[in-house]
Amino acid sequence: MAKSPETEHPVVAYGWGARDTSGVLSPLKFSRRATGESDVQFKVLYCGVCHSDLHMAKNEWGLSHYPIVPGHEIVGEVTEVGAKVKKVNVGDKVGVGCLVGSCRDCGQCKSDLENYCPKQVQTYSWVYTDGTITYGGYSNLMVADEHFIIRWPDNFPLDIGAPLLCAGVTTYSPLRHFGLDKPGISVGIVGLGGLGHVAVKFAKAFGTKVTVISTSLSKKKEAIENFGADEFLVSRDPEQMEAAAGTLDGILDTVSAVHPIMPLINLLKPNGKLILVGAPEKPLELPVFPLITGRKSISGSAIGGIKETQEMIDFAAKHNILPDVEMIPIDYLNTAMDRLAKSDVKYRFVIDIEKSLKPE
């Protein structure tokens, strides 16, 4: 007989989770494994709220295991380390992003690309190596193998910085990998939401010329004045889009709703790249002819490996790149999820776990 989430491990834990596809979150007791010889246990202080959490809480991707404790933008303070741990010490500030496991032996893992390992273990609602289900950061404590722990830079804010563990590396990695990180390169960012606003900040720090592409003219002032974008295009304005045709070396598309990509492909120079990091629920229509005639390409990118995530955090600390966040208590979560579904947040929610999460 399978053990309950409360009794399958020896360490008592509590948080907020969803019990079914309604996605409604409420207090939940569960358990964590004991700290193994290569494990790090830490007290969770803050956790970002990602759009993925909303999808997973409602099982919109068909991957969820209930009960589900979301959260993969987790930061806190180390309380215990295993005997073989060398990366961090008790009292250190650390983070855990989207991954807590991988095979560590395949070509992807050996290339520091655990995010593409076929046996990766995601931070929540995934089957761990011991057969139990993982639970995320909407909780009082975390236990993770030290390999998947991110060292937090000194004097870099934990609370505001937490969303970088997903939103940061999701945008930093493709900008780096596809060569859109060179001064003078013209980069388009589609969508000025949780991912998009961070993408603009990284792209500007790389020295690129940044064009924000949005359906909403109301975001123009903020894109240019607050985030430093050089240009702004309203994607629903055919004249603006036509005038900008063939001007961009690459585009990072952060939109997670179904949307036409033909207008975006037209903005690319020959050999330009359209990189998708948003995850619409339904397939997008793919126009092949403009790809062929301009030798253009469409690619995808998912988060980043652990080495690159550390690199991203260190780069962000050096250049003072931080997301714009709204701090919330944990009992505001369901309202936050409703607002997130309506894109009513500027630009990421972060839960103040330390101050607001109490054992029931």
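Predicted model only: the values in this text are computed from it and were never measured. The chain is numbered in sequence order, starting from 1. We use all heavy atoms of the structure for the numbers below, so side chains are in, but hydrogens, waters and symmetry mates are not.
- For the atom pair OG1 of Thr208 and CG of Asp230, the computed distance is 7.5 Å after rounding to the nearest 0.5 Å.
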As a quick check of understanding, evaluate side chain to side chain contact (heavy atoms under 4.5 Å, CB included) for Thr309 and Leu165, giving each step before the final call.
CA-CA 7 Å; Thr309 303; Leu165 290 165; 4.2 Å; yes

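- Looking only at distances, a side-chain donor or acceptor of Asn59 sits under 3.5 Å from a matching main-chain atom of Leu63.
- Put simply, the side chain of Ser173 never gets that close to the backbone of Thr170: no donor and acceptor are under 3.5 Å apart.
- Counting heavy atoms from C-beta on, the side chains of Ile298 and Leu276 come closer than 4.5 Å.
- Under 4.0 Å is where a charged nitrogen must lie from a carboxylate oxygen, and between Asp53 and Lys58 no such pair does.
- Annotation for Glu311: atom CD counts as buried by contact number, over 12 foreign heavy atoms lying within 6.0 Å.
- Between Phe227 and His197, the ring planes lie tilted relative to each other; the angle falls in the 30° to 60° range.
- Looking at Ser301 and His177, their side chains never come closer than 4.5 Å, going by heavy atoms from C-beta outward.
- Looking only at distances, no side-chain donor or acceptor of Ser31 sits under 3.5 Å from a matching main-chain atom of Pro10.
- The shortest non-hydrogen separation linking Ser139 to Leu357 is C-CD2, 3.4 Å.
- Here the straight-line distance linking atom CG of Asp352 with atom OH of Tyr46 works out to 5.0 Å at 0.5 Å rounding.
- Under the 4.0 Å criterion applied to side-chain N and carboxylate O atoms, Glu326 and Arg339 are assigned as salt-bridge partners.
- No more than 12 heavy atoms of other residues, nucleotides or ligands sit less than 6.0 Å from atom NZ of Lys209.
- Gln122 is not listed as a side-chain neighbour of Cys98, based on a closest heavy-atom distance of 4.5 Å or more.
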Evaluation steps, side chain to side chain contact (heavy atoms under 4.5 Å, CB included), between Val11 and Leu141
CA-CA 10 Å; Val11 180; Leu141 64 89; 4.2 Å; yes

Tell me, with the steps shown, if Phe349 and Ile351 meet side chain to side chain contact (heavy atoms under 4.5 Å, CB included).
CA-CA 7 Å; Phe349 289 116; Ile351 310 164; over 6 Å; no

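- Residues Pro287 and Ile265 come closest through the heavy atom pair CG-CD1, 3.7 Å.
- Remark: the backbone N or O of Val24 is paired with a side-chain donor or acceptor of Ser22 at under 3.5 angstrom.
- Atom CE of Met241 is separated from atom CE of Met262 by 11.0 Å, given to the nearest 0.5 angstrom.
- When all heavy atoms of Val44 and Gly137 are compared, the closest pair comes out as CG1-O, 3.7 Å.
- A 4.5 Å side-chain heavy-atom check between Lys318 and Asp314 finds every atom pair outside the cut-off.
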Assess the residue pair Glu73 and Arg348 against the criterion (salt bridge (Lys or Arg N to Asp or Glu O under 4.0 Å)); give the C-alpha distance rounded to whole Å, side-chain angles, the decisive distance to 0.1 Å, and a yes or no.
CA-CA 11 Å; Glu73 301 173 345; Arg348 299 289 275 205; 2.4 Å; yes

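- Donor-acceptor pairing under 3.5 Å is lacking for the side chains of Tyr14 and Glu6.
- With respect to Glu37 and Lys84, a salt bridge is recorded, a charged nitrogen being found less than 4.0 Å from a carboxylate O.
- For CZ of Arg104, the number of neighbouring non-hydrogen atoms (other residues, nucleotides, ligands) closer than 6.0 Å is greater than 12.
- For the pair Gln108/Ser102, no side-chain contact is recorded, criterion being any heavy-atom separation below 4.5 Å from C-beta on.
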Should Arg33 and Glu8 be marked as a salt bridge (Lys or Arg N to Asp or Glu O under 4.0 Å) after you check the CA-CA gap, both sets of side-chain angles, and the distance that decides it?
CA-CA 8 Å; Arg33 69 178 184 269; Glu8 65 185 355; over 6 Å; no

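- Counting only distance, with no hydrogens or angles, the side chain of Thr123 and the backbone of His72 share no donor-acceptor pair below 3.5 Å.
- Rounded to the nearest 0.5 angstrom, Leu274 CG and Leu267 CG are separated by 9.5 Å.
- Hydrophobic clustering keeps Val96 apart from Trp152 (ILVMFWY residues linked when any side-chain heavy atoms are closer than 4.5 Å, directly or through intermediates).
- The aromatic rings of Tyr172 and Phe202 sit perpendicular, their planes meeting at an angle over 60°, well past the 30° parallel limit.
- At least one side-chain heavy atom of Asn115 sits under 4.5 Å from a side-chain heavy atom of Leu99.
- Using a 4.5 Å cut-off on side-chain heavy atoms (C-beta onward), Leu333 and Val49 make contact.
- Residues Leu45 and Ile149 do not share a hydrophobic cluster, defined by chaining ILVMFWY side chains whose heavy atoms lie under 4.5 Å apart.
- The backbone N or O of Gly36 lies less than 3.5 Å from a partner atom in the side chain of Asp39, making a donor-acceptor pair.
- The backbone N or O of Leu322 lies less than 3.5 Å from a partner atom in the side chain of Lys201, making a donor-acceptor pair.
- Not one N or O on the side chain of Lys93 forms a donor-acceptor pair closer than 3.5 Å with the backbone of Glu77.
- Phe30 pairs with exactly one of Tyr135, Tyr66, Tyr138 by the ring-ring contact (aromatic ring centres under 6.0 Å, His included) rule, that one being Tyr135.
- Ion pairing between Lys269 and Asp249 holds under the 4.0 Å rule for side-chain N and carboxylate O.
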Thr132 and His9: side chain to side chain donor-acceptor pair (under 3.5 Å), yes or no, with the steps?
CA-CA 9 Å; Thr132 63; His9 295 298; 3.2 Å; yes

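- In this structure the side chain of Val212 never reaches within 4.5 angstrom of the side chain of Leu233, judged on heavy atoms.
- Using a 3.5 Å distance cut-off with no hydrogens or angles, the side chains of Glu80 and Thr35 do pair a donor with an acceptor.
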Worked verdict on Thr254 versus Leu192 for side chain to side chain contact (heavy atoms under 4.5 Å, CB included)
CA-CA 8 Å; Thr254 71; Leu192 196 67; over 6 Å; no

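- Taking NZ of Lys355 as the reference point, atom CG of Asp159 lies at 9.0 Å (rounded to 0.5 Å).
- Atom NZ of Lys29 sits in a sparse spot, with 12 or fewer heavy atoms from other residues, nucleotides or ligands closer than 6.0 Å.
- The main-chain N or O of Trp61 is never found under 3.5 Å from a side-chain atom of Ser64 such that the two would form a donor-acceptor pair.
- Taking CG from Asp105 and SG from Cys117, the interatomic distance works out to 9.0 Å, rounded to the nearest 0.5 Å.
- In this structure, Ile160 is not a member of the same hydrophobic cluster as Ile353, with clusters built from ILVMFWY side-chain heavy atoms closer than 4.5 Å.
- Residues Glu242 and Gln240 have side chains that never bring a donor and an acceptor to within less than 3.5 angstrom of each other.
- Counting only distance, with no hydrogens or angles, the side chain of Lys282 and the backbone of Val258 share no donor-acceptor pair below 3.5 Å.
- For the pair Asp145 and Lys87, the salt-bridge criterion is not met [side-chain N within less than 4.0 Å of a carboxylate O].
- A chain of hydrophobic side-chain contacts below 4.5 Å, direct or via other Ile, Leu, Val, Met, Phe, Trp or Tyr residues, connects Val200 to Val234.
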Before giving the answer on side chain to side chain donor-acceptor pair (under 3.5 Å), spell out for Ser216 and Ser214 the whole-Å C-alpha distance, their side-chain angles and the decisive distance to 0.1 Å.
CA-CA 5 Å; Ser216 176; Ser214 173; 5.0 Å; no

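- Residues Tyr347 and Leu54 do not share a hydrophobic cluster, clusters being chains of Ile/Leu/Val/Met/Phe/Trp/Tyr side chains in contact below 4.5 Å.
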